[in-house]
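Below is one structure, written out as structure tokens; comments come after it.
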Protein chains: 2
Amino acid sequence: MDWTDLQHFLALAREGTLSAAARNLNVDHVTVARRVAALEASLSLKLVDRRPRSYELTEDGKRIAKIGDPMTETAFAVERAVQASKSGIGGEITISAPPSLANVLIAPKLIRLRHLHPGIRIKLIGEKRTASLNRREADLALRLSRPTEPGLIARKIGYFEFALYGSPDYLKTTPPHAFAFVAYDSSMDDAPQQRWLMRFAASREIVLRTNDLENQAAAARTGIGLAALPKFLGEADPQLQRHDIGGRPVGREVWLVVHRDLRRAPMVRAVAGFIETCLA
Amino acid sequence: MDWTDLQHFLALAREGTLSAAARNLNVDHVTVARRVAALEASLSLKLVDRRPRSYELTEDGKRIAKIGDPMTETAFAVERAVQASKSGIGGEITISAPPSLANVLIAPKLIRLRHLHPGIRIKLIGEKRTASLNRREADLALRLSRPTEPGLIARKIGYFEFALYGSPDYLKTTPPHAFAFVAYDSSMDDAPQQRWLMRFAASREIVLRTNDLENQAAAARTGIGLAALPKFLGEADPQLQRHDIGGRPVGREVWLVVHRDLRRAPMVRAVAGFIETCLA
DNA sequence: GTCCATCTGTGCGAATTCTCACAACGAGAT
DNA sequence: ATCTCGTTGTGAGAATTCGCACAGATGGAC
């Protein structure tokens, strides 16, 4: 049995479509189709039903995929072990962080990291979707809450508060009872800063909902209303002015997360230390 | 990371040499060498030291091999699951058995099995070395004692006794105090039939030691001395005559062994049932 | 309806990979 | 000493595999 064939089949089983599996494996979708067909031939067992617009696993295929799935996990464990084995500081390291943190607090300071360790190549992923450290989509991650996945080690390395910001002109001309607001869309309704904003807004209007914090800031700058922004974003922007309100301010913790297997890797330690200084 | 590269590296780590790994994987040794080199290149990590006459794992290589080893086990589990998934009775099935059992009790009757299930292809391995059912070197195995490996299911399906045999002429002309004996070599000193023979021989001479029971039988036929042979071998041979001695006879049980994962596979059940009738 | 995005299937040329044959070398047996 | 067996290394040709470009088809948005 060809292991690569099996790898492609497992990717197909996991992702659901040839194309998604192909993206996942960084190959052409045709290759996935061919390898799955080759696996079926070598096992003399039908694993998928080829429907006009989709591949569907047969019962046998589902069973095989379930049994073979641990191979994927082990393969990732091997990759982590490899990364951990690398003694020198050099090569590529991937950092995942919420976009705003990545843009404002990390990216501008990366030049210093390059200066400290010239051999290093940094890949910074600013994504809302939390990258999986288990699957080695990233070596290090910044998160706003303590992760619960097993195998991950998290350290609280920072804290930041939110405040309401609007354009100076808007704040000067608009009475508080007429404030309009900019918020995340409803998928973020559980986030503390969103609840905080909603409670303060009460019955006043939400004029814009967007998932992107930069968009919220941009909207607030134009004078459309008030947005809840991290202070590290709002204070640095001359086109935004803080509007203080009473009560307990809301804030989020910043956690630095690393997989247990990579904890001791020199490069990971170096970069983790650097990120801590960024947030100090 | 290429899974096939990893597979080749794991085989090398397990087998110790390029050539042995190549045999194990049914490829050329050059292929193993290249794939291991490719793996090292893609991981940027040295896994083996290339010495003039051997490959030796580096510390990193040992660690990686240990971590990746479960992949091999899972791959075998997949193969077993595939075999178990095959609904019809057809295709190849591998049976492992001690050579004498294979030759005398199984092989002559296989024609009947073919008759019952024309689609079946049988691979009968008569080896002293017990094939690993876990690694799917065989689907079914006959053993002379209950196996202890986890995951295996064993049923006692037979019992046979040993007796001493020599050529009729030898037994007629030789007084018991002058008997000479044919035995297994010392690697079999723990086997019940060997201990039984040795105790009876006491100080009398062992003139031939051979691992192969057929050789023992052939030697006994020529009149060199007495050999401890299964009755199913000795009684059927007109050139051999039993020499009864007092005391408890020695015998061995016959166990039919199958991996838990294959227990319910139709073809395995069919062949297992057939083998039981062979020994009934 | 039309457009657009997404998915799978096909044919072909290019790149890669494998096997084969041969070589060199050392260990152990005779 | 010689022979045989098993090991790794090298080079070349053959076989395989892959990616690309394009096609067809479907569902959703407008």
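Each chain gets a letter, A, B and so on, in the order the sequences are listed, and its residues count up from 1.
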Check B:Lys46, B:Arg63, B:Glu59 against A:Ser85 for a side-chain hydrogen bond (donor to acceptor under 3.5 Å, both in side chains) and give me the one that passes.
B:Arg63
Integer-rounded Å distance: C:dT10 P and A:Arg34 CZ
11 Å
When you measure from the side chain of B:Arg35, which nucleotide among C:dC18, D:dG9, D:dT17 comes out closest?
C:dC18
Going by ring centres under 5.5 Å and near-parallel planes (under 30°), is B:His29 stacked on D:dT7?
no
State whether A:Thr31 places a side-chain N or O below 4.0 Å from either non-bridging phosphate oxygen (OP1 or OP2) of D:dC18.
no
Taking atom P of D:dT7 as reference, at what distance in whole Å does atom CD of B:Glu56 sit?
16 Å
Using a strict cut-off of less than 4.0 Å between a Lys/Arg side-chain nitrogen and an Asp/Glu carboxylate oxygen, indicate whether B:Glu56 and B:Lys62 qualify as a salt bridge.
no
For D:dG6, does either OP1 or OP2 sit under 4.0 Å from a side-chain N or O belonging to B:Thr17?
no
Atom pair distance, as rounded to whole Å: CZ in B:Arg53 and C1' in C:dG26:
5 Å
In terms of side-chain geometry, is the basic nitrogen of B:Arg80 or B:Glu137 positioned less than 4.0 Å from the acidic oxygen of its partner?
no
Establish, with yes or no, whether the OP1 or OP2 oxygen of C:dC7 is under 4.0 angstrom from a side-chain nitrogen or oxygen of A:Arg23.
yes
side-chain hydrogen bond (donor to acceptor under 3.5 Å, both in side chains) test vs B:Asn134 passes for just one of B:His259, B:Glu73, B:Glu149, namely B:His259
Short side-chain N/O contact to C:dG9 OP1/OP2 from A:Tyr55, under 4.0 Å:
yes
In whole angstroms, how far is the C1' atom of D:dG9 from the CG atom of B:Asp28?
11 Å
Starting from P on D:dT8, measure out to NE2 on B:His8 and report it in whole angstrom.
14 Å
Taking only N and O in the side chain of A:Ser54, is any of them less than 4.0 Å away from OP1 or OP2 of C:dT8?
no
Determine the contact category for B:Val30: base if any of its heavy atoms lies under 4.0 Å from a base atom, sugar-phosphate if only primed atoms, P, OP1 or OP2 are that close, otherwise nothing.
base
Round to the nearest Å and state the distance from B:Arg51 atom CZ to C:dA27 atom P.
14 Å
Could you give the CG-to-P distance, from A:Asn26 to D:dT17, as a whole number of Å?
21 Å
In Å and rounded to the nearest 0.5 Å, what is the CG to CD distance from A:Leu10 to A:Glu15?
11.5 Å
Please give, in whole Å, the distance from D:dA25 C1' to A:Leu18 CG?
15 Å
Report yes if a side-chain nitrogen or oxygen of B:Ser19 is closer than 4.0 Å to either non-bridging phosphate oxygen (OP1 or OP2) of D:dT8; otherwise report no.
yes
